[in-house]
Amino acid sequence: MRLLPTLLLAAGLTAAASAQSNTGSVVASGDANVATIDQSGNIVNTASIVQSGDNNTASQTQGAAPGFLPPIFFDATVDQSGDRNTVTQTQGNPFGNPNFGDTDSRVNAVQSGDDNSAEQTQTNSGCCTGGLNTSDLTVDQSGNNNTSVQNQYTLNWVGVQVNSGTVIQTGDDNTAEQQQEDNSTKTALIDQSGAFNTAFQGQDGNNNPAAGSLDASATQSGDMNDVSQLQIVASNAVGPVVQVATADQSGNNNVLYQELNHFVGSPFGNATHTATATQTGDDNDGTQVIGLLGGASPADASMSLDQSGDRNVSTQIQQSVNYGGGFSFSSASVSQTGDDNTASQTQDDLGDIEASITQAGTFNSATQYQDAESFEGDLDATISQAGTGNVATQDQRVDDRPGVATFAIHSADLTQDGTMNTSSQIQSGNGGHTSIATQIGDMNTFSIMQSGTLGHTSTHTQMGTNNNTTIVQN
C-alpha cells in the first residue's frame, strides 16, 4: 500500500499513512491553518509541510511498528514564515526484536518571524539494533521571541547510536533548549546572534552501560545572553567516557555556566572531561564545574576560560567525592585581559592537579585553592599578573593524617609585574612545599606561610622600592 497525499491551500489538513513507504506533503498559505501528518512504516517515511502566514500549526508524527527490520528512513521537514506559528515533530523507533541494518531519522524545521515555537522529539527504545542508528534534529529560526526545544531519548542496549541536535537563532529574546538522554554518542550545537537570548544544553549517559561521548557546543553573539551546559554520566557507564563542553560568547553582560559530572561506578576504561569557554566583552560571568563521584576509573579533567574585557568574573571548580581512582589528573586555566577582573579556582581531592591564572590589566584579583585531604597527589599552582593594584592568593593544603600525600610535591609559583601589587601564599600539611615568587615594581607586598612535616623552600625576588616581604616556616 502506498499513499501519496498532496493538499494545497486548506485551512485544516490531515494525512495519515501506514505502509512500507510513505510520502506526505502539505502546502498552505494564510492564517490559522492546521496541518497534520501521521506516518508509520518500516522502509521510507517522508513528510513535508510548508505554511506562510500567522498563527499556523504544523504537526508531524513518524514511527515504525515494533519488530520492523531496518533499514528505516524517516525524514520530516517544516517551513513556516510568519508570526506566532507552532511546529511539533515526533519520531519514534520501538525496536521489539533483534534488528540488523541501519536506521536514519531526520527532522528539520525553519521558522521566520516573531513569537514562533518549535518542538522536536526523537525516541528509540527496545533492544538490539545491529546497525548504525542515526538521529538528527535541526531548527533554524530568524526573528524575536522564538522558542526551540529538542529532545532525544535512546534506550537501545546493543548497537551504535549517534544523536545530533542543532539550533540556529537570529534575533533577540530567543530561547533554545536541547536535551539528549541515555546511551549513544551525542552532539548538541546552539548558535544564537542577538540580545537577551538563552541557551540550555543537557546531556546524560544514564540507563545504559554504553554512555558514548557527550559533546555540547554553544555560540552567542550579543549582549545580555545566557548559556548553560550540563553533562552527566551514570554510575553504570563503562568507559571510555568522553565529555566535551565548548562555549563562545561575544558581547557584554553575558553569563556562562558549564558543569560536567561523572558518577564513576566501574573500574574499567578511562574518563575524559573537557570544558572550554571564551568570553569577549565587559561585565561577563563565567563558571565551570567538573565533578567525579565515587568509583575507581582513571580520569582526566581539564577546563579553560579566556576572558577579554573589563569587570569580568571567572569561577572554576574541580571536585571529587569518595573518589578512589587509580590515577587522576586535573588542570584548570584562566586568562583575563582587561581591568577589574576576578578569577578564582578550586581543586579538591583529584590526585595530581594543576591550576594557572594569567591576568593583564589593573586592579585584578586571582585566587587559587588546592587540597588533597583524601586523595593524594602533586599540587601545582601558578599566577601571573601584569599591571597595577593586583591581588594574588594561593592556598595549598593536605591532610596531616599519616600516609596521606606524604611524598607529594606542592608547588606555588607567582609573578607580578607592576606597582602596588599584593600576594599571599599558604602551604600546609604533608608533603614537600616549594614556593617561587617574583615581584617587579614599587610598593609591592608579599607574604608566605609554610607548615608541615617535610621541608619547605621559599624563594622570593623583589625588584623596586618600598617593597615588603614576610616568610613564615614551621
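All values below were derived from every heavy atom in this structure, side-chain atoms included, with hydrogens, water molecules and symmetry-related copies excluded.
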Set of residues satisfying side-chain hydrogen bond (donor to acceptor under 3.5 Å, both in side chains) with respect to [X], sequence neighbours excluded:
{"X": "Asn468", "value": "none"}
{"X": "Gln450", "value": "Gln427, Gln473"}
{"X": "Ser135", "value": "Asn124, Gln161"}
{"X": "Thr459", "value": "none"}

Between [X] and [Y], is any pair of side-chain heavy atoms under 4.5 Å apart?
{"X": "Thr315", "Y": "Gln288", "result": "no"}
{"X": "Ile190", "Y": "Gln201", "result": "yes"}
{"X": "Gln179", "Y": "Phe200", "result": "yes"}
{"X": "Gln307", "Y": "Asn341", "result": "no"}
{"X": "Gln368", "Y": "Ile357", "result": "yes"}
{"X": "Ser314", "Y": "Gln336", "result": "yes"}
{"X": "Ile426", "Y": "Gln396", "result": "no"}
{"X": "Ile168", "Y": "Gln141", "result": "no"}

Check: [X] side chain, [Y] main-chain N or O, donor-acceptor pair, under 3.5 Å:
{"X": "Gln416", "Y": "Thr422", "result": "yes"}
{"X": "Asn421", "Y": "Gly387", "result": "yes"}
{"X": "Asp310", "Y": "Asp339", "result": "yes"}
{"X": "Asn254", "Y": "Gly222", "result": "yes"}
{"X": "Asp442", "Y": "Thr465", "result": "yes"}
{"X": "Asn390", "Y": "Gly361", "result": "yes"}
{"X": "Gln180", "Y": "Asn151", "result": "no"}
{"X": "Gln439", "Y": "Thr445", "result": "yes"}
{"X": "Asn284", "Y": "Gly251", "result": "yes"}
{"X": "Gln318", "Y": "Val289", "result": "no"}

Evaluation steps, side chain to side chain contact (heavy atoms under 4.5 Å, CB included), between Asp300 and His273: CA-CA 6 Å; Asp300 189 328; His273 320 279; over 6 Å; no

Pairs meeting criterion salt bridge (Lys or Arg N to Asp or Glu O under 4.0 Å) with involvement of residues 381-395, two or more places apart: Asp395-Arg397

Taking every non-hydrogen atom, the tightest pair across [X] and [Y]:
{"X": "Val87", "Y": "Ala109", "answer": "CG1-CB, 4.3 Å"}
{"X": "Gln231", "Y": "Asp215", "answer": "NE2-N, 3.8 Å"}
{"X": "Gln169", "Y": "Thr175", "answer": "NE2-O, 3.0 Å"}
{"X": "Gln316", "Y": "Leu305", "answer": "NE2-N, 3.7 Å"}
{"X": "Asn312", "Y": "Asp283", "answer": "OD1-N, 3.3 Å"}
{"X": "Gly441", "Y": "Asn467", "answer": "O-ND2, 3.2 Å"}

Side chain to side chain contact (heavy atoms under 4.5 Å, CB included) partner of Asn108, the single match among Asp140, Thr138, Leu137, Val139: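 Among the candidates, only Thr138 passes.
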
How long is the straight-line distance from [atom2] of [Y] back to [atom1] of [X], given to the nearest 0.5 Å?
{"X": "Phe74", "Y": "Asp104", "atom1": "CZ", "atom2": "CG", "result": "10.5 Å"}
{"X": "Leu260", "Y": "Gln243", "atom1": "CG", "atom2": "CD", "result": "4.5 Å"}
{"X": "Asp285", "Y": "Gln279", "atom1": "CG", "atom2": "CD", "result": "7.0 Å"}
{"X": "Phe446", "Y": "Ser424", "atom1": "CZ", "atom2": "OG", "result": "8.0 Å"}
{"X": "Ser365", "Y": "Ile383", "atom1": "OG", "atom2": "CD1", "result": "8.5 Å"}
{"X": "Thr434", "Y": "Asp380", "atom1": "OG1", "atom2": "CG", "result": "10.0 Å"}

Set of side chain to side chain contact (heavy atoms under 4.5 Å, CB included) partners for Phe196, sequence neighbours left out: Asp173, Met224

Between [X] and [Y]: side-chain donor-acceptor atoms closer than 3.5 Å:
{"X": "Gln425", "Y": "Ser435", "answer": "yes"}
{"X": "Gln359", "Y": "Asn364", "answer": "no"}
{"X": "Thr278", "Y": "Asp306", "answer": "no"}

From CA spacing to verdict: side chain to side chain contact (heavy atoms under 4.5 Å, CB included), Gln345, Gln347: CA-CA 7 Å; Gln345 296 173 318; Gln347 294 174 310; 5.6 Å; no

Derivation of the side chain to side chain contact (heavy atoms under 4.5 Å, CB included) call for His433 and Thr457: CA-CA 6 Å; His433 303 146; Thr457 301; over 6 Å; no

Candidate pair Val167 and Gln150, rule side chain to side chain contact (heavy atoms under 4.5 Å, CB included), full reasoning: CA-CA 9 Å; Val167 175; Gln150 293 181 327; 3.4 Å; yes

Partner of Gln62 by side-chain hydrogen bond (donor to acceptor under 3.5 Å, both in side chains), out of Gln91, Gln89, Arg106, Gln122: Gln91

Atom CE of Met449: over 12 foreign heavy atoms under 6.0 Å: no

